[in-house]
Trainee: 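The structure is given below, and queries will be raised subsequently.
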Amino acid sequence: AGAQDLANLHVLVSAGGTREPLDPVRFLGNRSSGKQGVALANAALARGARVTLVAAHLEVPPPAPHPRLSVVDVSTAESLSDAMRSAATEADIVVMAAAVADYRPENVESGKIKKSGGGPLLLRLVENPDILAGLARDKRPGQVVVGFAAETAASRDELLDLGRAKAARKGADLLALNAVGWSQGFGTDENAVVLVTGAGDVVAEAAGTKADVADALLTAALGVRGAPA
Ligand code: C5P
C-alpha cells in the first residue's frame, strides 16, 4: 500500500451524468462516462479514505466492493442533489465530478410523446439548482468542496479566466479546469486539468491518466484543507 494520507477522512464524490426524463422512455442526458469520478473514488480508497460514491449512470464499472466504500445510485439532478446533501453532512472532502443537467423538462409526460405530424416539437425546460454551489454554501467547518469545469476555451488564459470566475461564483474551494471539445475530455482514459482555488490561485496542473489526475486533485484538496482561505 502507498501513502495512507487520507486515512480517517471521508471523501464524497459524484460521478457520471444525470438523466432528466421527458416521458417513460426518453431522457435528456450527456456524454459523461463517470471515468474521472470512479478514478477519484479508487484513488481515495487506495489512500485510506472512507468513500461514498454517488453514481449517475456510469459507463464504467464502479470500484470493487470494499469495506470503506458505499455506492449510492442516482439518476436525475434532483436525486443526485439529495444523495450529495445527505452524505455531505459526514464528508471531509466533497468532489462534484458528475455532469449535472443544467435544465430539465418542465413537465414529464406520463405517456410516450407522439410525433406531432411534421411540425416542430417544442420542449420547455426549467433550470436545475446548482448542486456544487449549494454544497459550498452549506459546507461544514473544515470541509473542502471541489468542482470540475469543462470549458471550450481557445487558450490557457481564457480557460483560467473562465475557471477563476466560476470558482468564485460557485464558492468552490478548488476547481479542476479542463478544456473540452468534441473529441476531448469525455469517455477518454486521459485528462488534463489546471487546479485553481476559490481565490483564483493555480495550485497544480496535472495531465495523464484519470488516475493521475485523481491523485493530483486529492493532494491539492488536502493542501487546501491544511491552509484554509
Ligand atoms: O457551470 P458548470 O456546469 O460548468 O459547472 C461544473 C461544475 O458544477 C461541476 O463540478 C458540476 O458537477 C457542478 N454542477 C452542479 N450542479 C449543476 C451544474 C453543475 O453541481 N446544476
Side-chain angles (χ1 to χ4, degrees), residues 11-21 27-41 44 52-59 72 74-88 91 93-106 125-139 143-154 158-181 184-187 191-198 200 206 210 213-214 216-218 220-221 224:
V11 175
L12 167 63
V13 50
S14 67
T18 62
R19 290 183 182 177
E20 307 300 320
F27 57 83
L28 297 177
N30 61 67
R31 294 172 58 207
S32 179
S33 65
K35 279 182 183 170
Q36 186 61 74
V38 168
L40 278 157
T52 300
L53 175 64
V54 173
H57 304 287
L58 304 182
E59 282 175 16
V72 184
V74 298
S75 184
T76 61
E78 188 183 17
S79 62
L80 191 148
S81 177
D82 289 347
M84 291 299 286
R85 295 184 67 84
S86 124
I93 297 173
V94 178
V95 188
M96 275 296 298
V100 181
D102 288 328
Y103 290 88
R104 67 179 184 278
E106 185 169 47
L125 306 178
V126 292
E127 202 171 341
N128 277 328
D130 193 298
I131 301 167
L132 175 62
L135 291 167
R137 187 180 346 101
D138 298 338
K139 73 175 178 171
Q143 191 175 59
V144 177
V145 176
V146 188
F148 276 79
E151 309 285 358
T152 47
E158 192 194 343
L159 182 69
L160 277 179
D161 285 348
L162 290 168
R164 287 184 169 123
K166 188 166 286 185
R169 191 165 67 242
K170 299 199 182 208
D173 298 304
L174 196 63
L175 207 57
L177 313 180
N178 65 321
V180 291
Q184 218 185 330
F186 288 105
N191 204 357
V193 300
V194 181
L195 295 164
V196 296
T197 64
K210 289 185 175 176
V213 168
L217 185 151
L218 291 170
V224 169

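Counting starts at 1 for both ligands and their atoms, in listed order.
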Trainee: Do Glu20 and Asn128 touch side chain to side chain, with heavy atoms closer than 4.5 Å?
Mentor: yes
Trainee: State whether Asp138 and Arg85 are salt-bridged, where the test is any N-O pair (Lys NZ or Arg NE/NH1/NH2 against Asp/Glu carboxylate O) under 4.0 Å.
Mentor: yes
Trainee: Test: side chain to side chain donor-acceptor pair (under 3.5 Å). Region: residues 158-167. Which pairs qualify, not counting sequence neighbours?
Mentor: Glu151-Lys166
Trainee: With the criterion set at N/O pairs under 3.5 Å, what does the list of contacts between the protein and ligand 1 look like, atom names and distances included?
Mentor:
unit_1   : atom_1 : unit_2 : atom_2 : d
ligand 1 : 1 (O)  : Lys166 : NZ     : 3.3
ligand 1 : 1 (O)  : Lys170 : NZ     : 2.9
ligand 1 : 4 (O)  : Lys166 : NZ     : 2.4
ligand 1 : 5 (O)  : Lys170 : NZ     : 2.8
ligand 1 : 8 (O)  : Lys170 : NZ     : 3.0
ligand 1 : 10 (O) : Met96  : O      : 2.8
ligand 1 : 10 (O) : Phe148 : N      : 2.9
ligand 1 : 10 (O) : Phe148 : O      : 3.3
ligand 1 : 12 (O) : Met96  : O      : 3.4
ligand 1 : 12 (O) : Ala98  : O      : 2.7
ligand 1 : 16 (N) : Ile131 : N      : 3.0
ligand 1 : 20 (O) : Ile131 : N      : 3.3
ligand 1 : 20 (O) : Leu132 : N      : 2.7
ligand 1 : 21 (N) : Pro129 : O      : 3.0

Trainee: Not counting sequence neighbours, which residues clear side chain to side chain donor-acceptor pair (under 3.5 Å) with Thr197? List them please.
Mentor: none
Trainee: Mind checking what makes salt bridge (charged side-chain N to carboxylate O under 4.0 Å, His left out) contact with Glu106, not counting sequence neighbours?
Mentor: Arg124
Trainee: Any side-chain heavy-atom pair from Leu28 and Leu125 closer than 4.5 angstrom?
Mentor: yes
